[in-house]
Amino acid sequence: MPDRVVTLSQFVLQQEREHPEASGEFTSVLLDIALAAKMINKAVVRAGLVDIVGATGSTNVQGEKVQKLDVYAHETIMRVLASTGQLAVVASEEDEDIVAVPKGAPIGKYVVNFDPLDGSSNIDANVNIGTIFSILPRLTRTGQGTLEDVLQAGRRQLCAGYVLYGSSTMLVYTTGDGVHGFTFEPSIGEFLLSHPSIKTPERGHIYSVNEGNYARWLDGVKRYVDWLKMSDKETNRPYSARYVGSLVADFHRNLLYGGIYMYPGDLKNPQGKLRLLYEAAPLAFVAEQAGGCASDGARRIMELAPSAVHQRTPLFIGSPLDVRECEQFIQDKHPAIHADRRTNSPIPTRM
Ligand code: AFP
């Protein structure tokens, strides 16, 4: 906990002063995202009232159309970003195609890929949800940004992070100089520095995965999860299972406590469920900057070259020792598999 009160804007300005070599322009995009997050937060905390004032997606008592929260979140981010002159093009989970800067608005140098409201199926149960964002430099030089600008590998990100809406709302981000977390103080409308220089533990004792999909997983993933449940003092096993079903919430908990989040590909969906551009890549940047790892089972997520806006990727992300071990199981290289094969008792898979 820092010993003085520092707002997000003060922190960003201070970072710019300490790193004059870095163009500070994109930090204003970050502050715009924070502004949109405050507006989304206001709508999220009122979400429980929709049954009183009218169901989402229908008409409220004043006869006004109540927007779905994920659509509201998308439009709010677009409205805030489009007017600043920093933006070249956007890709959002809520739009099939890339979104150009509105006609007449100034065009800038940056690309923002985002998931406006991740975990939105959890809203009605009052479970944490989040916004994930990624800021990149444009590749093309002039005019509206293009698909080429959007489809860049994660290692080219200038900034990435997420907002977690919950019992307290937090914004966590990196610009490649560590990971910093800010907690929203609603009475003054500011994000305050609460978690400077977040470091994730080298090994955790939590695994987060939708185990309902077990029967469809490939053997490597099955064996790894079975192995996590066996007792072993040295590796702190058995691990605890924790799974909210909101990526931001699951990722954030594991970032602080240590552990591994997995959304593997399986027999039905070989590329899994999560999206590379606005889920896996930004969280990979955060994870790496906190000392963690992010992999698709074989390759570093940050190196994957996207070929489509809504491309999916398997994701294994979290504490470095956990992710490396998981990769070894997936690639059939973990010593435990071979030791068990030698004794003729391979780690069993349940089905
Ligand atoms: P929704 O936004 O439709 O709720 O999807 C959220 C998500 O992409 C991610 O946040 C979760 O981790 C994941 O889906 C949960 O999916 P499963 O229900 O398949 O576990």
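FYI, the numbering just counts along the sequence from 1. As the structure lists them, so they are numbered: ligands from 1, and atoms in each ligand from 1.
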### Query
How long is the gap from CZ on Arg237 to CE on Met230, to the nearest 0.5 Å?
7.5 Å
#### Entry: Best match, Ala249, Ser120, Gly245, Gly272: closest heavy atom to atom 11 (C) of ligand 1
Gly245
### Message
Looking at ligand 1, would Glu93 count as a contact under a 4.0 Å heavy-atom criterion?
### Response
no
## Note on the structure
Scanning both residues in full, the closest heavy-atom pair of Ala88 with Val101 reads O-CG2, 3.6 Å
### Query
When you check the gap from the basic side-chain N to the acidic O, do Arg203 and Asp322 get nearer than 4.0 Å?
yes
### Query
Should the proximity of Ser121 to ligand 1, defined as any heavy atom under 4.0 Å, be assigned to the side chain, the backbone, both, or neither?
both
### Summary
Closest to atom 12 (O) of ligand 1 among protein heavy atoms sits Tyr261 OH, 2.9 Å
### Query
Salt bridge check: are Glu211 and Lys229 linked by an N-O gap of less than 4.0 Å?
yes
### Message
Under 4.0 Å from a heavy atom of Leu247: which atoms of ligand 1 are those, numbered in the order shown and with their elements?
### Response
9 (C), 10 (O), 11 (C), 12 (O)
#### Entry: Aromatic ring pairing Trp227/Phe329, orientation class (parallel under 30°, perpendicular over 60°, tilted between)
tilted
### Query
Of the choices Ile129, Asn210, Ile132, which has the non-hydrogen atom that lies closest to atom 18 (O) of ligand 1?
Asn210
### Location of contacts on Val248 toward ligand 1, heavy atoms closer than 4.0 Å
neither
